[in-house]
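A short worksheet on the structure shown next.
Only heavy atoms go into these numbers, but all of them, side chains included; no hydrogens, no water, no symmetry mates. Nothing fancy with the numbering, it's 1 onward along the sequence.
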Amino acid sequence: WCDARHLYLPESDALPAVLEPALARFLGRFGLTHVTAHDEFRSESMELPLQNLADRARAVSLKRSAIYALHAPDPGILISGVFDGSEAIIAMSDAAHAIARPEVDFEVYPAGPETYVDWLNPKSFFPREA
């Protein structure tokens with residue numbers, strides 16, 4: 001069913017297609033018309049028009065794999081999928097954050113220098129051993 005509709009599953013370790021329109025709206029706030037799309041290992045990439053992520057567009061993929069990351073060096077944004085989930089990690093420069101705040105388009109959990117490395121499963125998630 002997903003293959004017939006050019007969708008991919010979160011288990012494919014890629015940005016979920018359901019996020020594409022929201023990503024297009026967010027990235028459009030920077031005045032961008034294109035971003036660079038990468039596969040998981042950054043061995044394949046392409047320039048991707050934001051209109052290809054629009055509401056009525058088909059899910060986007062690279063020639064040999066799904067899209068894992070979107071990059072716009074100016075103003076400094078990297079959006080990357082995470083394993084086995086529908087979350088995305090958005091890394092932004094201070095300049096980019098001043099232009100557009102991700103909480104306008106997404107449910108966000110800000111990460112700082114003290115953020116636990118496995119933030120999806122914080123230490124408090126696991127029961128303490130007696």
Side-chain angles (χ1 to χ4, degrees):
W1 186 89
C2 285
D3 288 342
R5 286 159 181 79
H6 304 283
L7 300 174
Y8 43 84
L9 301 172
E11 297 84 39
S12 299
D13 300 335
L15 292 168
V18 72
L19 286 177
E20 289 180 359
L23 290 169
R25 286 189 296 276
F26 173 67
L27 292 168
R29 296 184 198 287
F30 296 94
L32 299 170
T33 58
H34 291 74
V35 292
T36 304
H38 295 274
D39 70 346
E40 182 176 1
F41 300 104
R42 309 302 194 264
S43 59
E44 184 181 2
S45 66
M46 70 175 184
E47 287 301 304
L48 177 67
L50 288 188
Q51 66 188 19
N52 289 10
L53 301 174
D55 286 327
R56 301 253 180 230
R58 296 177 132 195
V60 180
S61 63
L62 298 166
K63 287 183 180 179
R64 295 185 303 270
S65 68
I67 292 174
Y68 185 79
L70 301 173
H71 183 231
D74 183 20
I77 305 164
L78 176 65
I79 301 173
S80 186
V82 298
F83 296 108
D84 300 329
S86 59
E87 300 85 9
I89 297 173
I90 303 173
M92 303 174 68
S93 67
D94 290 337
H97 197 259
I99 295 169
R101 302 175 69 82
E103 57 270 18
V104 172
D105 298 285
F106 307 104
E107 180 180 5
V108 299
Y109 301 95
E114 301 301 317
T115 301
Y116 179 60
V117 66
D118 190 5
W119 64 276
L120 293 172
N121 297 303
K123 292 177 186 177
S124 61
F125 175 80
F126 299 102
R128 294 186 181 256
E129 295 292 323

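Residues A100 and F30 share a closest heavy-atom pair of CB-CZ, 3.5 Å. Annotation for R42 and H38: closest pair CD-CB, 3.5 Å, computed over non-hydrogen atoms. Of all heavy-atom pairs between I79 and A88, the closest is CG2-CB, 4.1 Å. Summarising the geometry of L50 relative to A24, their closest heavy-atom pair is O-CB, 3.8 Å, with the distance given to 0.1 Å. Closest approach of A37 to I67, counting heavy atoms only: CB-CD1, 3.8 Å.
Ring pair F106/F26 is perpendicular by interplanar angle, where above 60° counts as perpendicular and below 30° as parallel.
Judged by distance alone, with hydrogens and angles left aside, the side-chain atoms of E44 form a donor-acceptor pair with the main-chain N or O of K63 at under 3.5 Å.
Put simply, V35 and L78 are part of two different groups of oily side chains (I, L, V, M, F, W, Y) that touch within less than 4.5 Å, one to the next.
Within the model, atoms CD1 of I77 and CD1 of I99 stand 7.5 Å from one another, a figure rounded to the nearest 0.5 Å. Rounding to the nearest 0.5 angstrom, the gap separating the CD1 atom in I90 from the CZ atom in R101 is 12.5 Å. Distance check, rounded to the nearest 0.5 Å: CD of E20 to CZ of R25 gives 11.5 Å.
The shortest distance between side-chain heavy atoms of H97 and P75 does not fall below 4.5 Å. D105 has its side chain within reach of R29: a pair of non-hydrogen atoms, C-beta onward, lies under 4.5 Å apart.
When each of L27, T36, L53 is tested with L48 by the rule side-chain contact (heavy atoms from CB on, under 4.5 Å), just one qualifies, namely L53.
In this structure, R64 places its CZ atom where only 12 or fewer heavy-atom neighbours from other residues, nucleotides or ligands lie under 6.0 Å away. For CD of E107, the number of neighbouring non-hydrogen atoms (other residues, nucleotides, ligands) closer than 6.0 Å is 12 at most.
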